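So you know, we letter chains A, B, ... as the sequences are listed, proteins then strands, and number each from 1. Values reported hereafter were calculated over all heavy atoms of this structure, with side chains retained and with hydrogens, waters and symmetry mates removed. Owing to the predicted nature of the structure, the values given are computational and were not obtained by experimental measurement.
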There are 2 protein chains.
Amino acid sequence: MVHTSGVVSRAELTARTGLNRSTVADLVRELSQRGLVAEGSPLATGAPGRPSPSVTVRTDGIYVLALDVKVDSVAAATVSLGGHRLASKRVARPRSRRDISTVLDALAGLGTELMEELPDTQRLVGIGVSIVGLVPRSDAMVEVTPNLGWSDVPLAEALRARLRRRVPIVVSNDGDAGALGERVHGVARGIDDLLYVSGEVGIGGGIIAGGRALGGAVGHAGEIGHTLVDPQGEPCRCGARGCWETVIGEAALLRRAGLPEDGGQRAVSQLRGAALRGDDAALAAMEAVGRWLGLGLAGLVNVLNPQLIVLGGLHGEFHRFLAASAAEELERNSLVARGSPTGIVPAMFGVDSSLIGAAEDALQPLLRDPMTWPSWNAGDTSPDGFTGAISVE
Amino acid sequence: MVHTSGVVSRAELTARTGLNRSTVADLVRELSQRGLVAEGSPLATGAPGRPSPSVTVRTDGIYVLALDVKVDSVAAATVSLGGHRLASKRVARPRSRRDISTVLDALAGLGTELMEELPDTQRLVGIGVSIVGLVPRSDAMVEVTPNLGWSDVPLAEALRARLRRRVPIVVSNDGDAGALGERVHGVARGIDDLLYVSGEVGIGGGIIAGGRALGGAVGHAGEIGHTLVDPQGEPCRCGARGCWETVIGEAALLRRAGLPEDGGQRAVSQLRGAALRGDDAALAAMEAVGRWLGLGLAGLVNVLNPQLIVLGGLHGEFHRFLAASAAEELERNSLVARGSPTGIVPAMFGVDSSLIGAAEDALQPLLRDPMTWPSWNAGDTSPDGFTGAISVE
DNA sequence: TTCGTTTCGTTGTCTGCCCCAACGAAACAT
DNA sequence: ATGTTTCGTTGGGGCAGACAACGAAACGAA
């Protein structure tokens, strides 16, 4: 709770947990002794009564490394409790290069660089990786990434060998991580039912239902880019025909705007400029993609009834140009949306939602049980650099 | 756990709960004192070691009344712990009659009739109602039932007035109830990720994800009948165009088979007969509907990644005729299904899945906390007939 | 400024849930 | 007949968190 809020009064913790004042005091003391939170002077509320001391996350105790693999770029960040990015770096990478080893080397290099910036007293507790591809829940083997051309990559192992840190490495799907990031620290804070759409070259998605990530039987849920919207549509990379991705993906958007559909980031920049200038073709392309976006969302809203739809990546960036037509089409085509108003908002973290989500994933074990986790007092640095459980995943 | 299993050994309860033997013994003793379970002689297992006594649900202690409103029929059942139907009755009703009061009178009459069959020692603890329509999570007001022509019906209140029993009444959507029923006592027992499709006049659905019902923001999730499958398709009752329902619903099936599309149960019977005889037109209709079924399922599987798909109602009945083509189309069109094999099976309870689910809903408060619930020993029958919390919903 | 009110932290006590260990009982295997 | 395995039973104990009483720290009205 302190992690998601950043700062909370102890009284508020009491109210929100439903625990007794004494219990909350005990817990806060213990967390404080472990170097995870700090108690501060009361926040001026203006309300009568004795003021309650504030509890703040410490950003100088522990941290996690977050890594992100997209089609056009890789990124890394060091993230502390509270979701604060201590440092963050994203570098473009040529789309054509399919050599896995090179990508992983670059990624690990980025991560190492950022970790070395931090003082020795700050301790790494986990590594979270988000990648555009199917990631099963059971292990860290990435099964298929149609948009990268990879398959069956033991990502966690490969990164462990390069990073040489004895901490758990968790791998998750780009869409799932984005949803998590936006829910915990972004625009969807506190929202229990949300749909996150990450539009890039392909369309990914992440679903949070009833406050929990929807993973499905093996963790493959959320592949919303491959829902059918037009049985007579174009063939898709996935083998089917008329997938949503084929009408709202980057290629479709560029093509409609009269730009080269494999133009990559350059073409997207051109499109952005054109749209901002009010160029007719660009705006028409946006509007048309917005309609297909809304049409696909209508089906998803009927199935999932989310409270909020968060657009990440491409569609988040172009939210202002396509949200209106998407919302209109959603309203027209969704029985559920008519009875349960569903907002469509851009992601707070832009392309970095999944990076924040990956960090959150890596923090999970600590957050789930901060008390039995080894303590990170500045004093007791173990020679090994890591004293906790050494799990592979 | 005893409720879902019917009979379990105490040792198995220990293993499955992770609790201590002593604790389990205590709990079983208390449940037994409350008249909810009975301890029996050990089941012959043939394994070495001291045999463990069996624990059975008592079917003569408490019961719930389950009610079900479909387009063509209404049904009632009295259901005990363990999901045993003590009595059950379904009556057809003319589809044209839209008079709400008449339907509710008939339904309440059915319920009263079944309850009066039971001895006075058996105590009613709740009433569960399933209905084909949108039911918000927050209250018992049924918002819209496109297929019945009702809107904004205070169903719980109306039934309370007719049934005159002071127990909680819970109302839920037909699809959600069906999914629950099949999961707890039917073909999907113990499966944590499943999609239930109830094909009738309209197509309803129920989703269980991660072991919990997926309700969405206001409880409207699972309206899978209105996902888009063909933007150039026919208009649907819901206001959109090309909904799944328009190509796999009863009307579509009958039309393809050359039967009157509003022929109702009679026409469906004719179709069944024709299919069983091997009539070409009937089989071709089944096959075509199976293809559309699989196509729609492909999208849903991509989004939800269920472990199992349960076909209820019409499609459950005709499973043998359409499952093959549906499975083929699913495999072809779903990226997720290819990596995570997804079975398609008919519902165990046929049209009554939702009836069992409604009963399960009504049992929930008792199951959630059987210890603080008032005890139902034969001795302490209160004059009022109900001693527990008197909640409206 | 003073005093009542409100809200909160602190401390000691207590309860309920569950674990644990030792012992004996009831089955199977040899 | 004896060892092995699995289990129920009993008494003891630990721990999280509730509860109640007291004092402290703010605000508002006189």
Donor + acceptor pair across side chains of B:E39, B:S32 (<3.5 Å): no
Quickly work out the A:N20 CG to C:dG16 C1' distance and round it to whole Å. 15 Å
Restricting to non-hydrogen atoms, name the atom on B:A221 and the atom on B:G216 that form the minimum distance, rounded to 0.1 Å. CB-N, 3.8 Å
Of all the nucleotides listed (D:dA18, D:dA26, C:dG9), which has the minimum atom distance to the side chain of A:P51? D:dA26
Let me see the working for B:E360 and B:L367 under side-chain contact (heavy atoms from CB on, under 4.5 Å), right down to the final yes or no. CA-CA 9 Å; B:E360 191 65 23; B:L367 293 173; 3.6 Å; yes
What is the distance from CG of A:L31 to P of D:dA16, rounded to the nearest Å? 13 Å
Between B:N173 (side chain) and B:V135 (backbone), is there a donor-acceptor pair under 3.5 Å? no
Atom pair distance, as rounded to whole Å: CG in B:L43 and P in D:dC7: 13 Å
What's the CZ-C1' distance between B:R29 and D:dT9, to the nearest Å? 9 Å
Residue pairs involving residues 186-196 of chain B (criterion salt bridge (Lys or Arg N to Asp or Glu O under 4.0 Å); sequence neighbours excluded): B:R183-B:D192
Between the protein and nucleotides 28-30 of chain C, which nitrogen or oxygen pairs come in under 3.5 angstrom?
none

Identify the two heavy atoms, one from A:V28 and one from A:V37, that lie closest to each other, and give their separation to 0.1 Å. O-CG2, 4.1 Å
For the backbone of B:G128 and the side chain of B:D361, can you confirm whether one donor and one acceptor N or O come within less than 3.5 Å of each other? no
State whether the side chain of B:S52 and the backbone N or O of B:A11 hold a donor-acceptor pair below 3.5 Å, judged by distance alone. yes
Distance test, side-chain N/O of B:S52 to OP1/OP2 of D:dT6, below 4.0 Å: no
Can you measure B:E30 atom CD to C:dC18 atom C1' for me and round it to whole angstrom units? 14 Å
With sequence neighbours excluded, residues passing side-chain contact (heavy atoms from CB on, under 4.5 Å) with A:R16: A:M1, A:S5, A:V8, A:E12
Looking at every strand, decide which applies to A:P53 at a 4.0 Å heavy-atom threshold: base, sugar-phosphate, or nothing. sugar-phosphate
Give a yes or no on whether a donor-acceptor pair under 3.5 Å exists between the nucleobase atoms of C:dC18, that is its base, and the side chain of B:S22. no
To the nearest Å, how far apart are A:D26 CG and C:dG9 C1'? 12 Å
Could you check which residues of residues 10-19 of chain B get a heavy atom under 4.0 Å from DNA chain C? Sort them by number, please. B:G18, B:L19
Using atom names, set out every protein N or O paired with an N or O of nucleotides 22-24 of chain C below 3.5 Å, distance rounded to 0.1 Å.
| from | atom 1 | to | atom 2 | distance (Å) |
| --- | --- | --- | --- | --- |
| C:dG24 | N2 | B:R50 | NH1 | 2.7 |

For A:L19 against A:L27, the heavy-atom pair lying closest together: CD1-CD1, 3.9 Å
Going by ring-ring contact (aromatic ring centres under 6.0 Å, His included), name the pairs with one or both residues in residues 1-40 of chain A, residues two or more places apart or in two chains. A:H3-A:H185
